[in-house]
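Remember, it's a predicted structure, so these values are computed and weren't measured experimentally. We count ligands from 1, going down the list as the structure has it; atoms in each ligand are counted the same way.
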Amino acid sequence: MDLWQKYNCNACHQVYGLGGYLGPDLTNVYSKRGPEYIAAFLKSGTQIMPNFHLTDEEVKSLNAYFEIMDKTGKSDPRTYKVNNDGTIE
Ligand code: HEC
């Protein structure tokens, strides 16, 4: 994801369990918060998270990224079931 790298979101956030620890893990932020919340959040920033002055296009592609990641990854490995033979469900 180019924007993720361009704005260095990774410095503060984890996705798929990788990245910085200052901000929350964002792997499942899409189902947890929804696209409207994320868009509003990215547009305004907080005291800790900078406002990157993203365009609507950029917010849209970041949301698309979060949506795909939400479907393909889980931020908390404890939600997996580990079988006796070592495989994971
Ligand atoms: C300087 C560190 C920093 C950077 C860089 C950063 N964030 Fe954050 N982000 C935070 C912090 C800290 C929070 C938690 C809110 C707070 O405490 O202000 C947060 C919260 C969020 C949330 C809301 C999560 C939730 O569950 O409410 C989203 C979405 C998010 N960031 C996306 C991004 C994206 C996308 C980028 C890159 C464009 C980015 N962040 C870059 C620090 C950062």
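- Residue-ligand proximity, Y37 to ligand 1, at heavy-atom distances under 4.0 Å covers atoms 27 (O).
- Taking distance alone, with nitrogen or oxygen atoms compared against 3.5 Å, W4 stays at or beyond that limit from ligand 1.
- More than 12 heavy atoms of other shown residues, nucleotides or ligands fall within 6.0 angstrom of atom CG in D85.
- Looking from atom 17 (O) of ligand 1 to the surrounding protein, the closest heavy atom is I48 CD1, 3.4 Å.
- No chain of hydrophobic side-chain contacts below 4.5 Å, direct or via other Ile, Leu, Val, Met, Phe, Trp or Tyr residues, connects L3 to I68.
- Below 4.0 Å from some heavy atom of Y7 lie the following atoms of ligand 1, by number and element: 38 (C).
- Residue contacts with ligand 1: R33 is included, with a non-hydrogen atom under 4.0 Å away.
- Each of the atoms 5 (C) of ligand 1 lies under 4.0 Å from some heavy atom of N8.
- Between the NZ atom of K60 and the CG atom of L42 there is a distance of 14.5 Å, given to the nearest 0.5 Å.
- Contact atoms of ligand 1 toward V29: 24 (C), 26 (O) (distance under 4.0 Å to a heavy atom of the residue).
- The residue from D25, I38, N28 that puts a heavy atom closest to atom 29 (C) of ligand 1 is I38.
- We find the CG-CD distance between L62 and E57 to be 11.0 Å, quoted to the nearest 0.5 Å.
- Per-residue contacts place L22 under 4.0 angstrom from the following atoms of ligand 1 (heavy atoms of the residue considered): 2 (C), 12 (C).
- Atom-to-atom distance recorded for N51:CG and T46:OG1 is 9.5 Å, nearest 0.5 angstrom.
- Sorted by first and then second residue, the side-chain hydrogen bond (donor to acceptor under 3.5 Å, both in side chains) pairs involving residues 1-12 (not counting sequence neighbours) are W4-N10, K6-E58, Y7-E58.
- The CE atom of M49 sits 7.0 Å away from atom SG of C9, with the distance rounded to the nearest 0.5 Å.
- Residue T46 has at least one N or O atom closer than 3.5 Å to an N or O atom of ligand 1.
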Please report, to 0.1 Å, the donor-acceptor pairs under 3.5 Å made by any side chain of residues 12-26, with sequence neighbours excluded.
residue: H13; atom: ND1; partner: P24; partner atom: O; Å: 2.7
residue: Q14; atom: NE2; partner: Y21; partner atom: OH; Å: 3.4
residue: Y16; atom: OH; partner: T72; partner atom: OG1; Å: 2.7
residue: D25; atom: OD1; partner: T27; partner atom: N; Å: 2.7
residue: D25; atom: OD1; partner: T27; partner atom: OG1; Å: 2.6

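- The shortest contact between atom 35 (C) of ligand 1 and any protein heavy atom is with L42 CD2, 3.6 Å.
- Interatomic distance, F66 CZ to S31 OG, rounded to the nearest 0.5 Å: 12.0 Å.
- Neither the backbone nor the side chain of L54 comes within 4.0 Å of ligand 1, counting heavy atoms alone.
- Side-chain atoms of N28 come within 3.5 Å of backbone N or O of G73 as a donor-acceptor pair.
- Scanning for side chain to side chain donor-acceptor pair (under 3.5 Å) contacts around K43 gives D56, with sequence neighbours left out.
- Within the sub-2.8 Å shell of atom 8 (Fe) of ligand 1, the protein contributes these N/O/S atoms: H13 NE2, M49 SD.
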